[in-house]
Number of protein chains: 2
Amino acid sequence: MILKAIVRDYTSSGVPVGSKALAAQLPMHVSSATVRNEMAALEELGLIAKTHSSSGRIPSVKGYRYYVDHLVQPDPIKANDIDIIKSSLEGQFLKIDEIIETSAKILSNLTSYTAFSLKPEHKQSRLSGFRLVPLGKRQVMAVLVTDNGDVESQTFNITTKITGDQLEAVVRLINDQLIGKPLDEVLASLQSDIPMQVANYLQQPEGFLKVFGDVLTQAAQDRFYVGGRLNLLNFSDSNDVDELKSLYTLMDHSDDMADVLGQPSDHIQVQIGSEMTNDILRDYSLITATYEAGDHGKGVIALLGPTRMPYSRMIGLVGAFRQELAQRLIDYYRYFDQ
Amino acid sequence: MILKAIVRDYTSSGVPVGSKALAAQLPMHVSSATVRNEMAALEELGLIAKTHSSSGRIPSVKGYRYYVDHLVQPDPIKANDIDIIKSSLEGQFLKIDEIIETSAKILSNLTSYTAFSLKPEHKQSRLSGFRLVPLGKRQVMAVLVTDNGDVESQTFNITTKITGDQLEAVVRLINDQLIGKPLDEVLASLQSDIPMQVANYLQQPEGFLKVFGDVLTQAAQDRFYVGGRLNLLNFSDSNDVDELKSLYTLMDHSDDMADVLGQPSDHIQVQIGSEMTNDILRDYSLITATYEAGDHGKGVIALLGPTRMPYSRMIGLVGAFRQELAQRLIDYYRYFDQ
DNA sequence: CTTAGCACTTGAGTAACTTGAGTGCTAAAA
DNA sequence: TTTTAGCACTCAAGTTACTCAAGTGCTAAG
């Protein structure tokens, strides 16, 4: 009970909590001396710590961990918040990516922290179509479609004149050989046998191969969105510009962030301070939740805030958000899969 | 001479400059007392100011203005820097936007400030082509091409089954009526007569119209890139998070930034502190240069740094960069226009 | 017109002191 | 055995006083 009170107090006030204030606040009558004794015991266990020898206590990482694992009760979400979530997700989105991106934005707005969202995805997307669309004199657009509906495109200029026949031949080549294969295999072929074959049809295949490669890697990448980047400036108390820069750089690398988010799990997961895989995040905490969009795979939403965050509220919020988002996506797919 | 020395000293050290240090540094022999007298005169003219009653002097906005207008000699660019610029622009870019984007990056790297770049553009681009590419069961990609080679595309899902004939009819409709028209006119028709006509071919035209509108506004927007966003954290000495946020928000609005950059001009323009049109930038300075890419229109590069920046070096650098970029673009166009 | 000299101003840094919130420990009370 | 009152002790943070160095303006002499 004392640990719980300490966490609650400290996360809301940011000030180390002392025995007297704590005693006054506990449901039963105890003196501050008693509380002091108990606190000494908690400190012995490594659950709380002092900032200096005569200061009040703050929870240690271990203390937060215990709190999150055994004590926290997710706050029931406020009616107001659920309205905001519902109405923001309500609109007529034409693309699923817009829903995912908006999610990160709403979540960051509601919390004033930084939010991440990862599109639901099957383990392995496969190539389901490739096209070259001639646009003008010398411009061609390469379009790639995967079996779960992702589309990537890129325009490029061609140097030598290329006939429609040539383009078609290349498209046919790609489609014949690569359709249905997982993207990583496609990428592998691109390093090995494809270039030679393309060279039969195009005189200068480099440009085409580069674009094809670009589009492929884009499609293979996780669809990762960050919302409320700037909120980091609020809750980071680091004044070290270099550290802020590293953080922003980290957030821009979706593969590094995928490591940080960790393995998907059915529970809402909380990583606290130094528990984080990436040392840059040692002063922050991350709440991660996997959501399931019917049989369209699993996605992730996550919330990055200070270690000293009001976990009960945040866990409640992320939980509610996860549900709303899953529901919204199921509706979305139902609408388009019909 | 004294004003020049004060600006040079202060921009490099950041410390108000006093009479003694200044006297020691001037080319002729004068005592500090003489310098003090002159400084009093300069202060009278409003060109320099004190931070407190017994401090050394710093240039005022008016002083910087005089310095920039009459005294500054652009530094000759370092061989090293020119190498960096040349080699970064050298690669085989497939799209002009990549060159423009890279420019902002290089310029910000070289200076540790924040750089902006605006793509060269004719006053009015015109619609030169529109296509709908069917991608899968229910996905269609809309592609729009303008007469100066910009391509915008967007995918959307369709709710009701649409036949190839229907798509072709819509494409033909758009192309017949709108090709060759400036984009703003096209946008105007989209608000008026087009919807009715499209309704003849599609049962639920809303989705299509939204996508067409999106793609149009994207294409009509200035192509604006920011490099070295994070460098703002270095040179801004404001600790006010809200102010930083406003700055970042400003940078993300290309139309607001277009106002800030001002009218194109053949000279390199410098806006200092409170001269800036936007009050948020009152503690910064902006160096702007227009570059001309043959007859493909004019673009802009700009550099945002602290008011207290080494103008001679920065002006030299921006000038050199402008030249290199113009040359690079002319080469680019020569290659593809051939 | 320039310069030496001097009294004066001020921010920045340092040391000394005060205050208040909080602790641990002891011994008495429950 | 547990709880509590009491008390001496600790420490960060704020305040005050003081020193120092860099700089100024002004005056009077060169």
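What you see is a predicted model, and the numbers here were worked out from it, not measured in a lab. Order of the sequence lines fixes the chain letters, A, B, ..., with proteins taken first and strands second; residue numbering starts at 1 for each chain. Keep in mind that the numbers below use all heavy atoms, side chains included, and drop hydrogens, waters and symmetry copies.
- Salt bridge B/D83/B/K86: absent, no basic N to carboxylate O contact under 4.0 Å.
- Looking at A/R57, its side chain has no donor and acceptor atom pair within 3.5 Å of the base of C/dG24.
- Here the P atom of nucleotide C/dC8 and the NE2 atom of B/H52 are 18 Å apart, to the nearest Å.
- Between B/R36 atom CZ and D/dG23 atom P the separation is 11 Å, expressed in whole Å.
- Phosphate contact (OP1/OP2 of C/dG22, side-chain N/O of A/S19, threshold under 4.0 Å): absent.
- OP1 or OP2 of C/dT3 lies within a sub-4.0 Å distance of a side-chain N or O belonging to B/T34.
- Between B/N37 atom CG and D/dG30 atom C1' the separation is 15 Å, expressed in whole Å.
- Each of B/V30 and B/S55 was assigned the nucleotide of DNA chain C with the nearest heavy atom; the assignment lying further toward the 5' end belongs to B/V30.
- As rounded to whole Å, 14 Å separates atom C1' of D/dG25 from atom CD1 of B/I48.
- Between the P atom of D/dA21 and the NZ atom of B/K20 lies a distance of 12 Å, rounded to the nearest Å.
- The nearest pair of heavy atoms linking A/L232 to A/T114 is N-OG1, 3.6 Å.
- Side-chain contact, B/S246 with B/T249: no donor N or O sits under 3.5 Å from an acceptor N or O.
- One donor-acceptor pair, N or O on each side, does fall under 3.5 Å between the base of D/dT10 and the side chain of A/S54.
- Counting all heavy atoms, side chain and backbone alike, B/Y284 lies closest to B/M276 at O-CE, 3.1 Å.
- Aromatic ring pairs are classed by plane angle as parallel below 30°, tilted from 30° to 60° and perpendicular above 60°; the pair A/Y311 and A/Y64 is tilted.
- The base of D/dT4 does not come close enough to the side chain of A/S31 for any donor and acceptor atom to sit less than 3.5 Å apart.
- Between A/I58 atom CD1 and C/dT23 atom P the separation is 13 Å, expressed in whole Å.
- Counting non-hydrogen atoms under 4.0 angstrom, A/K50 reaches the backbone sugars and phosphates but no base.
- Taking atom CD of A/E43 as the reference point, atom P of C/dC25 lies 11 Å away to the nearest angstrom.
- Atoms CE (A/M28) and C1' (D/dT3) sit 13 Å apart, rounded to a whole Å.
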